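Just so you know, these numbers come straight off a predicted model, no measurement behind them. Order of appearance sets the numbers: ligands from 1, and atoms from 1 within every ligand.
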Amino acid sequence: MTAPLKHSDPVNVDVALGDRAYDIVIGRGVLSSLGERVAALRPGVRTAIVTDRTVAKYWLEPAETSLADAGIPTSRVVVEEGEISKTYAGLEKVSEALIAAKIERNDLVIALGGGVVGDLAGFAAAILRRGVDFVQVPTSLLAQVDSSVGGKTGINSPQGKNLLGAFHQPVLVIADTAVLDTLSPRQFRAGYAEVAKYGVLGDEAFFAWLEKNHSDIVKGGSAREHAIATSCRAKAGVVSRDERETGERALLNLGHTFGHALEAATGFSDRLFHGEGVSIGMTLAAQFSAKLGMIGEADAARVERHLIEAGLPTRLQDIAGFAQEGLADADALMALMAQDKKVKRGKLTFILLEAVGRAVIAEDVEPAPVRDFLQEKLEHKLALKA
Ligand SMILES: NC(=O)c1ccc[n+]([C@@H]2O[C@H](COP(=O)([O-])OP(=O)(O)OC[C@H]3O[C@@H](n4cnc5c(N)ncnc54)[C@H](O)[C@@H]3O)[C@@H](O)[C@H]2O)c1
Ligand SMILES: O=C(O)C(=O)C[C@@H](O)[C@H](O)[C@H](O)COP(=O)(O)O
Ligand SMILES: [Zn+2]
């Protein structure tokens, strides 16, 4: 782990993917350089910004001004905020708007928003005229540390998370840390789960730093930039070694096997944001690792304690409307997990822990112990309620 950055210097993180390599530019105020950077990358380009209504209210005008100042023509597509847009209907709306705007193969799509907009706009760009390049301008903490990097794009199916999509790398990522000042506290906390994930899966020193400094990340100073840059470096490293998740990249899925099933069980609604599902899923993965004897109970408790301190949910019973159909049912959760993209020949793959800071890929996991473990967690909730 490197020392925290000075507050004012924009930082460049390189995603080393050969002729598809790109920069992640991180810093306060870097949104104003969007036009200049796009013009330098693609002289004469036309652009279409895809964003959501909330982000548009705060950040569309500054983005458009920056592009206009650099002489770049742009159009806009504004979708509804939230997972409701990461759907077939959302994809149709964005694709048809891009076609209507006559976005050509050499033009650029700009995703201005959180992970929903990034995944949706990136997928639309991947299939528009069989592939148009795109730029990520992530505006949520989650998008700045995770979804804008690495080229996973897609939409949800009612049957599961991100079940339709494509690997399509952006050509540039501009992460302006100041835009996070308008993010709601709950969304900020949800994004923090993915920050903590990098510590838990591969960097104990970063996790220990987060345990001491997490509250400073909210304040917006050098700790925020350090956390974002450290997360991006970690993700860029993994992606450059295993772009298409044939191996190591699966580690970035820590907490997601459980988390995605919980998101599906709650109908991809605001009862559970993605990062909140990851927080609960990461806690369950740590506890399941402890149950299998891979880590001590104290390690699992350490992970959960930190997530609670960061204001995140860690238990199934923390989910609003927990008792509703599908959630308090181990078999229903198992059925949802069977749609996980890491499943091979019908067998589950889990990301488990050998230590805080060392995750491993466990293939061929038998369903019975997972089901028993979930049942225990569900009964624990019932015991708490009684
Ligand atoms: N592609 C990947 O590698 C990857 C990685 C992690 C997560 N994801 C996906 O990302 C999605 C979650 O992303 P998210 O948490 O950013 O959700 P999101 O895109 O829904 O954004 C969260 C909310 O915050 C609002 N918002 C965003 N930026 C804002 C700002 N600066 N000011 C005020 N409001 C703002 C949005 O309008 C939205 O209501 C999930 O669909 C998840 O599957 C993808
Ligand atoms: O980039 C990756 O690889 C990840 O797994 C990052 C995750 O945080 C992210 O939620 C991703 O979208 C999950 O991918 P999926 O393949 O499980 O849908
Ligand atoms: Zn995630």
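- For the 3.5 Å distance criterion, the side chains of E304 and T314 qualify, holding a donor opposite an acceptor.
- Counting non-hydrogen atoms of other residues, nucleotides and ligands closer than 6.0 Å to CG of D181 gives a total above 12.
- In this structure, atom 7 (C) of ligand 2 lies nearest to the protein heavy atom H256 NE2, 3.3 Å.
- Atom numbering of ligand 2 starts at 1 in the shown order; those under 4.0 Å from a heavy atom of H274 are 10 (O).
- Ligand 2 places these atoms under 4.0 Å from at least one heavy atom of K152: 1 (O), 2 (C), 3 (O), 4 (C), 5 (O), 14 (O), 15 (P), 16 (O).
- The Zn ion (ligand 3) is the vertex of the angle joining NE2 of H274 and NE2 of H256, which measures 100° to the nearest 10°.
- Ring to ring, F258 and F350 are close: their centroids are under 6.0 angstrom apart.
- With a cut-off of 2.8 Å, the Zn ion (ligand 3) has no N, O or S atom of D146 in range.
- For atom 12 (O) of ligand 2, the nearest non-hydrogen atom of the protein is N162 ND2, 3.3 Å.
- A salt bridge does not link K344 with D364: every distance from a Lys NZ or Arg NE/NH1/NH2 to an Asp or Glu carboxylate oxygen is 4.0 Å or more.
- Residue contacts with ligand 2 include K235, since one of its heavy atoms falls under 4.0 Å from the ligand.
- Looking only at heavy atoms of the protein, atom 5 (O) of ligand 2 is closest to N253 ND2, 2.9 Å.
- Within 4.0 Å of ligand 1, the residues that place a heavy atom are D52, T54, V55, Y58, W59, E81, G82, E83, K86, G114, G115, V116, D119, T139, S140, L142, D146, S147, K152, K161, N162, V179, T182, L183, Q187, E194, K235, H274, listed by chain and number.
- Contacts between L252 and ligand 2, counted as non-hydrogen atom pairs separated by less than 4.0 Å, involve both the backbone and the side chain.
- Less than 6.0 angstrom separates the ring centroid of H226 from the ring centroid of W209.
- Ring centers of F134 and H168: under 6.0 Å apart, within the cut-off.
- Of all the atoms in ligand 2, the ones that sit under 4.0 Å from a non-hydrogen atom of D146 are 6 (C), 7 (C), 8 (O).
- When each of H306, R305, R302 is tested with E211 by the rule side chain to side chain donor-acceptor pair (under 3.5 Å), just one qualifies, namely R302.
- The distance from ligand 2 to the heavy atoms of K341 drops below 4.0 Å at these ligand atoms: 15 (P), 16 (O), 17 (O), 18 (O).
- A 6.0 Å sphere centred on CD1 of I84 holds no more than 12 heavy atoms belonging to other residues, nucleotides or ligands.
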E297 and Q287: side chain to side chain donor-acceptor pair (under 3.5 Å), yes or no, with the steps?
CA-CA 7 Å; E297 298 285 350; Q287 291 169 343; over 6 Å; no
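- Listed by number with element, the atoms of ligand 2 under 4.0 Å from a non-hydrogen atom of R249 are 1 (O), 2 (C), 3 (O).
- Checked against the Zn ion (ligand 3), the N, O or S atom of E194 at the shortest distance is OE2.
- Environment of CD in E36: sparse, with no more than 12 heavy atoms of neighbouring residues, nucleotides or ligands closer than 6.0 Å.
- Of all atoms in ligand 2, listed by their number and element, those nearer than 4.0 Å to a heavy atom of K197 are 6 (C), 7 (C), 8 (O).
- Between R28 and E225, no side-chain nitrogen of the basic residue sits less than 4.0 Å from a carboxylate oxygen of the acidic one, so the salt-bridge criterion is not met.
- Just one of N156, I155, T87 meets the side chain to side chain contact (heavy atoms under 4.5 Å, CB included) condition when paired with L164; it is I155.
- At a heavy-atom cutoff of 4.0 Å, ligand 2 is contacted by no atom of K342, backbone or side chain.
- By the 6.0 Å contact criterion, CD on E204 is enclosed, its count of non-hydrogen atoms from other residues, nucleotides or ligands being greater than 12.
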